[in-house]
There are 2 protein chains.
Amino acid sequence: MDSRIVDLKSKLDVYKAMTGGGNLSDCPVRDVIQGLSGKWSSLLMAALAEQPYRFGELRRLVPDISQRMLTQTLCDLQRDGYVHREVFPTKPPSVEYSLTDLGRSMFGALRHLLEWAELNHDAVRAARARFDGAMAGAAGQTGALA
Amino acid sequence: MDSRIVDLKSKLDVYKAMTGGGNLSDCPVRDVIQGLSGKWSSLLMAALAEQPYRFGELRRLVPDISQRMLTQTLCDLQRDGYVHREVFPTKPPSVEYSLTDLGRSMFGALRHLLEWAELNHDAVRAARARFDGAMAGAAGQTGALA
DNA sequence: AGGGGCGGTCTCAAAAAGAGACCAGCGCTA
DNA sequence: TAGCGCTGGTCTCTTTTTGAGACCGCCCCT
C-alpha cells in the first residue's frame, strides 16, 4: 500500500499542473473545461465527430434540445474554435457545422471519456440506484441498513 | 436516397455506438456525461484525484464555489459512485472525500481531456479572441472581413 | 463569555435553460 | 394563387439551476 502512495505522489505533480499548482481558480484547464461542461457540448461534439451536420439535422438528431440551446451551444463551440460554421447560399440558405482540426484534436481526448461512459454506465447506474435506495431508507430511519 | 455522401463508415460506427446508434436521446453516454457536465464536477474530480480532501479544504481550494454547490456537486459525485464520503467522529466531526475505484477509473479517462486542455488552452483562447474580434467587427458591418 | 472553525442546510436573487411563438424567403402542391 | 412546410434563427415567457450569504449546533481556544 505504501508503494501505491509513492506512485500517486509522482502523478500528483501532473494533477497539480492541471489544477494550476494547487489553486484551482485561475488554471487554464478550468477555462477550457468550462466551455465543454455544458449540457449539450459533448453531445454535439460527438455528433459532429461522426460527420458534419446541418442545423436542422442536429435538431432532429437531438430531439430534446431547444433551438435556442442548439444555436447557442454551436456558437460557443465555434467561438472556442472546435466547430466550423459554413453557410451555403442555396435557395433556402443551409448551414453546415463541422469540426475544425482543433475540434477533432479535442474530441480525440474527449473520446476517452465517452468510451469510458459507454463501458461503465452500468456501474454508474448501479451506484446511483444503491445511493438512492440508501437515501430512501435513511429518510425514515438512520442506519436502517448496516 | 439522399444525395448525401456517406464515407468513413468504419469510424462512423464507433461514434454511433457512443451516441446510441444515431439517436442521441437515450444513449448511456449521455446519462453518464450529464453527471460530469456540471461546472464543478471535473474540477472536484481533479482535486480529489490528487489526494483526498475534507470539505473545508475543498472550499478553500476552489474559492469561488459556494458551499451549496460544493455540497451538491460532491453529493452528485457520490451518488454516481465516483466519490466516497467518510465522516470521522472527531470532536468537530470532519468529513473526508476521496475517489472510489470507479472514480479513479473515470478520472483516468477524464484526465486525457484535462491534459488536452492544459496543452491547448492557448489555441482555444486564440480562437476565442479571433471570434470575438470578428463579432465586434461584424457588429457594425456585415461581412466586413472576407 | 465570545469568537472562530467544523460541515452543512435554508432562503432569496440572479443566471441559465427549456418551450414555443415568430420571422423572411422559397418550393411544393392543392 | 393561397396555403403549407422547410430553411436557420431570434424573441419572449416560464422553470430550473446557480450564486451569495445567513443561519445552525457543536466544540475548542482564549
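Naming convention: chains lettered A, B, ... in sequence-line order (proteins, then strands); numbering from 1 in each chain.
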Peer 1: Atom OG of A:Ser98 and atom CD of A:Gln51: how far apart are they, to the nearest 0.5 Å?
Peer 2: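 Rounded to the nearest 0.5 Å, the OG-CD separation comes to 11.5 Å.
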
Peer 1: Roughly how many Å is it from CD in A:Glu57 to C1' in D:dC6, rounded to a whole number?
Peer 2: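 In whole Å, D:dC6 C1' and A:Glu57 CD are 13 Å from each other.
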
Peer 1: Verify side-chain contact (heavy atoms from CB on, under 4.5 Å) between B:Met106 and A:Leu113, making sure each step is shown before the conclusion.
Peer 2: CA-CA 7 Å; B:Met106 191 276 277; A:Leu113 194 58; 4.0 Å; yes

Peer 1: For A:Met69 and for B:Thr71, locate the closest nucleotide of DNA chain C by heavy-atom distance; then report the residue assigned to the nucleotide nearer the 5' terminus.
Peer 2: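 On the 5' side of the pair lies B:Thr71.
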
Peer 1: Please report the distance, rounded to the nearest Å, between CG in A:Asp76 and P in C:dA15.
Peer 2: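 For the pair A:Asp76 CG and C:dA15 P, the rounded distance is 17 Å.
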
Peer 1: For the side chain of B:Gln67, starting at C-beta, report the closest nucleotide among C:dG25, D:dG21, C:dG18.
Peer 2: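 Between C:dG25, D:dG21, C:dG18, the one nearest the side chain of B:Gln67 would be D:dG21.
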
Peer 1: What is the distance, rounded to the nearest whole Å, between atom CG of A:Asp64 and atom P of C:dA19?
Peer 2: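 The distance from CG of A:Asp64 to P of C:dA19 comes to 8 Å, rounded to the nearest Å.
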
Peer 1: How is A:Arg68 classified with respect to the nucleic acid when contacts are heavy atoms under 4.0 Å: base, sugar-phosphate, or nothing?
Peer 2: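 Result for A:Arg68 = base.
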
Peer 1: Starting from P on D:dG8, measure out to CG on A:Leu58 and report it in whole angstrom.
Peer 2: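 It works out to 9 Å between those atoms.
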
Peer 1: Roughly how many Å is it from CG in A:Leu61 to P in D:dG8, rounded to a whole number?
Peer 2: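 About 14 Å, once rounded to whole Å.
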
Peer 1: OP1 or OP2 of C:dG7 versus the side-chain N and O atoms of B:Arg59: is any pair under 4.0 Å?
Peer 2: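 No, outside the criterion.
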
Peer 1: In terms of side-chain heavy atoms of A:Ser94, which of D:dG8, C:dG18, D:dG19 is nearest?
Peer 2: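 Out of D:dG8, C:dG18, D:dG19, the nucleotide with an atom closest to A:Ser94's side chain is D:dG8.
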
Peer 1: Would you call B:Arg125 and B:Asp132 a salt bridge, using N to O less than 4.0 angstrom?
Peer 2: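 B:Asp132 and B:Arg125: not salt-bridged.
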
Peer 1: From the set D:dG19, D:dG8, C:dG7, return the single nucleotide nearest to any side-chain atom of B:Lys39.
Peer 2: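 Taking heavy atoms from C-beta onward, the closest nucleotide is D:dG19.
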
Peer 1: Hey, does B:Tyr97 reach any base, or is it just sugar-phosphate, or nothing, if we go heavy atoms under 4.0 Å?
Peer 2: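 Sugar-phosphate contact only - B:Tyr97 comes under 4.0 Å of backbone atoms but never of a base.
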
Peer 1: Mapping A:Gln72 and B:Gly56 onto DNA chain C by nearest heavy atom, which one lands closer to the 5' end?
Peer 2: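 Of the two residues, B:Gly56 wins.
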
Peer 1: May I have the distance from A:Leu70 (atom CG) to D:dC11 (atom P), rounded to whole angstrom?
Peer 2: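 The answer, rounded to whole Å, is 17 Å.
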
Peer 1: From the set C:dG18, C:dG7, D:dA20, return the single nucleotide nearest to any side-chain atom of B:Ser66.
Peer 2: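 Nearest listed nucleotide: D:dA20.
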
Peer 1: Whole angstroms only, please: what is the CG-P distance between B:Leu74 and C:dT9?
Peer 2: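 It is 11 Å, rounded to the nearest whole Å.
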
Peer 1: Between C:dG25, D:dG8, C:dG18, which nucleotide gets closest to the side-chain atoms of A:Trp40?
Peer 2: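 Looking only at side-chain atoms, A:Trp40 lies closest to C:dG18.
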
Peer 1: Roughly, in whole Å, what's the span from CD in A:Glu86 to P in D:dT7?
Peer 2: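 Distance check: A:Glu86 CD to D:dT7 P gives 18 Å.
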
Peer 1: Quick one: do A:Asp64 and A:Arg59 make a salt bridge, cutoff under 4.0 Å?
Peer 2: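 Salt bridge between A:Asp64 and A:Arg59, a charged N being under 4.0 Å from a carboxylate O: no.
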
Peer 1: Is it true that B:Arg128 and A:Asp76 have a side-chain N and a carboxylate O under 4.0 angstrom from each other?
Peer 2: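 No, no charged N to carboxylate O under 4.0 Å.
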
